[in-house]
Amino acid sequence: MTLLSGSLIFYALGEPKYLFLLLLSVVVNYFFGLHLEPKGKRRRRNLRRIIFGTALVYNVGVLAIYKYGLAGIGLPPGISFYTFQILSYLTDVYRGELKREDSFLRLAGYITMFPQLLSGPLVGYGKLRESLQQRDFSVTGVQEGMKIFTMGLASKVLLADRIGLLWQEVQVTGFESISTPLAWIAAVAYSMKIYFDFYGYSLMASGLGRMLGFELPQNFRNPYMAASVRDFYRRWHMSLGRWFTKYVYIPLGGNRRGEFRTVCNLLAVWTLTSVWHGSKANFLIWGMLLWLAIVVERQLKAWGAGRWVKKGPARVLSHLYVWAFIPITWVCFDITDIAQLQIYLGRMFHVFPGQVVGVGDWQKALTDYGGLFAAGAIACTPAVGNLFRKLKDTLPGIVLLAALFWLCIWRLQVEGCNPFKYLDF
């Protein structure tokens with residue numbers, strides 16, 4: 001009851017006008033879940049199908065209405081994430097993989113749990129059921145959670161918010177007026193911004209969960225260390241990837257029905273991923289670029305290129321390919337105006353004609369943000385995580401974490417709050 005009450009208060013402090021919609025989803029889906037467990041009678045099976053179909057239509061319909069502006073008001077915070085968690089619970093109960101939850105308070109606590117309510121990570125009910133019934137709440141857990149939370153806060157405040165200023169400057173300047181080097185530098189800056197923003201949120205959610213006695217799953221695993229786009233998205237927002245794999249890709253047949261069917265299944269997954277992020281055409285462009293890259297990588301691997309890229313210079317080239325390709329896709333992800341997107345890509349590839357661009361603008365950007373780029377590049381590697389695990393329980397490590405925490409608080413006081421990027425989804 002305490003978890004549920006605290007989570008609802010947390011949500012109401014942010015957007016009280018959407019609290020009723022969240023409560024309605026909890027109540028409606030609690031009753032859906034009570035009638036989805038498999039039973040032996042055929043009549044009962046047919047009724048379950050109808051109830052499950054109704055539940056899917058209700059949840060996806062509500063999400064679509066708000067996601068695409070059909071309600072005429074803004075997007076309720078967290079609706080994409082708590083809807084996906086609800087769908088995972090209902091599907092698992094319907095398949096017989098999970099016993100229904102009879103306790104309204106426990107299911108409501110799972111759906112509304114404030115650390116991961118707004119932007120995940122997505123976690124199946126089966127992973128949290130025991131913790132919702134009985135969990136260890138200890139001083140050690142609070143201390144450990146606070147350390148993880150501090151790392152997430154530093155990722156957000158000291159890296160994402162700071163390096164993201166370059167992307168804002170380029171938008172204010174106008175894409176027509178920037179040089180090709182600056183277009184690439186700003187694209188890399190945005191790539192770091194969205195990574196440290198979302199990674200920071202995930203770490204903060206994990207830290208808060210640990211304080212409350214919950215073990216939330218890892219959501220990022222050094223994606224910029226990947227040597228392929230396919231591997232990048234196995235490391236990026238892993239809980240969403242697992243969700244689409246379990247509830248879309250595998251039911252469609254996965255990779256068990258031949259290469260052509262696999263490619264079609266991947267197309268379905270990336271189309272849905274694009275649509276989930278938004279209705280603008282740029283999201284579809286983003287998703288199709290990633291789908292195409294993954295399909296090409298699959299074909300190259302089938303021809304034996306996979307063994308080749310694991311060795312020597314080819315390994316380096318594969319990393320360079322990821323570091324060049326991913327920023328291009330993030331540009332497509334963020335710029336919703338297709339005309340502006342064309343201009344920006346034109347600047348990146350030096351094909352946009354007839355404009356006088358800033359001379360030396362990229363040198364100024366490197367001068368102003370070079371230190372942040374260096375810090376971000378190091379933080380993209382496993383080095384920072386390894387150092388954190390090594391020092392977090394030592395006196396120097398605790399002092400450093402305390403200093404980081406208060407530095408972040410000071411930055412927030414000076415600059416104000418910069419919302420998390422994924423609150424828009």
Side-chain angles (χ1 to χ4, degrees), residues 3 6 10 13 113-116 118-121 131 135-166 189 191-225 235-236 238 367-422:
L3 176 64
F10 167 81
L13 288 173
M113 189 166 62
F114 76 90
Q116 45 86 246
L118 299 181
S119 293
S131 298
R135 61 186 180 275
D136 294 328
F137 182 78
S138 64
V139 173
T140 301
V142 172
Q143 292 174 340
E144 186 71 13
M146 190 63 191
K147 294 170 186 175
I148 298 171
F149 179 89
T150 300
M151 292 298 291
L153 185 64
S155 295
K156 164 64 175 168
V157 175
L158 302 182
L159 288 176
D161 289 354
R162 299 296 299 159
I163 205 165
L165 292 174
L166 177 57
S191 301
M192 287 188 173
K193 170 188 166 56
I194 195 169
Y195 170 57
F196 290 114
D197 187 281
F198 198 12
Y199 177 49
Y201 181 98
S202 297
L203 282 178
M204 293 168 72
S206 180
L208 289 170
R210 186 74 62 86
M211 293 183 206
L212 298 173
F214 295 100
E215 289 285 344
L216 298 181
Q218 183 182 11
N219 211 20
F220 290 85
R221 184 169 53 84
N222 306 121
Y224 284 98
M225 292 295 96
R235 298 162 174 257
W236 176 281
M238 294 187 293
T367 300
D368 293 342
Y369 294 93
L372 285 169
F373 276 112
I378 294 171
C380 284
T381 72
V384 173
N386 293 337
L387 187 64
F388 169 73
R389 286 184 288 272
K390 183 178 180 180
L391 297 180
K392 65 184 178 67
D393 297 322
T394 67
L395 180 59
I398 292 171
V399 171
L400 179 59
L401 286 169
L404 272 178
F405 178 81
W406 289 111
L407 177 60
C408 291
I409 297 301
W410 175 72
R411 295 299 310 184
L412 288 172
Q413 288 289 330
V414 171
E415 298 180 353
C417 180
N418 192 347
F420 288 97
K421 177 67 178 178
Y422 259 74

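In this text, all values refer to a predicted model and were calculated from it rather than measured experimentally.
Taking the six-membered ring where tryptophan is involved, the planes of Tyr199 and Tyr195 are essentially parallel, since the angle between them stays under 30° and well short of 60°. The aromatic rings of Phe10 and Phe114 lie tilted to each other, with the angle between the two planes from 30° to 60°.
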Derivation and outcome, side chain to side chain contact (heavy atoms under 4.5 Å, CB included), residues Leu118 and Tyr201: CA-CA 10 Å; Leu118 299 181; Tyr201 181 98; 3.4 Å; yes
Residue pair Phe388, Thr150: steps toward the side chain to side chain contact (heavy atoms under 4.5 Å, CB included) verdict: CA-CA 11 Å; Phe388 169 73; Thr150 300; over 6 Å; no
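Of the inter-residue distances, the one linking Tyr224 atom OH with Met192 atom CE reads 8.0 Å to the nearest 0.5 angstrom. Separating the CD atom in Gln143 from the NZ atom in Lys392 is a distance of 10.5 Å, to the nearest 0.5 Å. Note that CZ of Phe220 and CE of Met238 are 8.5 Å apart. Values are rounded to the nearest 0.5 Å. Between Glu144 atom CD and Ser138 atom OG the span is 10.0 Å, to the nearest 0.5 Å. To the nearest 0.5 angstrom, Asn222 atom CG is 6.5 Å from Arg235 atom CZ. In this structure, Leu203 CG and Gln218 CD are separated by 9.0 Å, a value rounded to the nearest 0.5 Å.
For Lys156, the salt bridge (Lys or Arg N to Asp or Glu O under 4.0 Å) partners two or more places apart in sequence, or in a different chain, are Asp161, Asp197.
Contact detail for Ser155 and Gly200: the closest heavy-atom pair is CB-CA, 3.9 Å. Across all their heavy atoms, Ser202 and Asn219 have their closest contact at OG-ND2, 3.2 Å. In terms of heavy atoms, Leu159 sits closest to Ala379 at CD1-CB, 4.0 Å. Nearest heavy-atom pair, Lys193 versus Ile163, reported as atom, atom and distance to 0.1 Å: N-CG2, 4.0 Å.
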Indicate every side-chain donor-acceptor pair of residues 205-216 with a distance under 3.5 Å to a residue at least two apart or in another chain.
unit_1, atom_1, unit_2, atom_2, d
Arg210, NE, Glu215, OE2, 3.2
Arg210, NH2, Glu215, OE1, 3.4

Please tabulate, one pair per line, all N/O donor-acceptor pairs under 3.5 Å involving side-chain atoms of residues 398-416, not counting sequence neighbours.
unit_1, atom_1, unit_2, atom_2, d
Arg411, NH2, Glu415, OE2, 2.0
Glu415, OE2, Arg162, NH1, 2.6

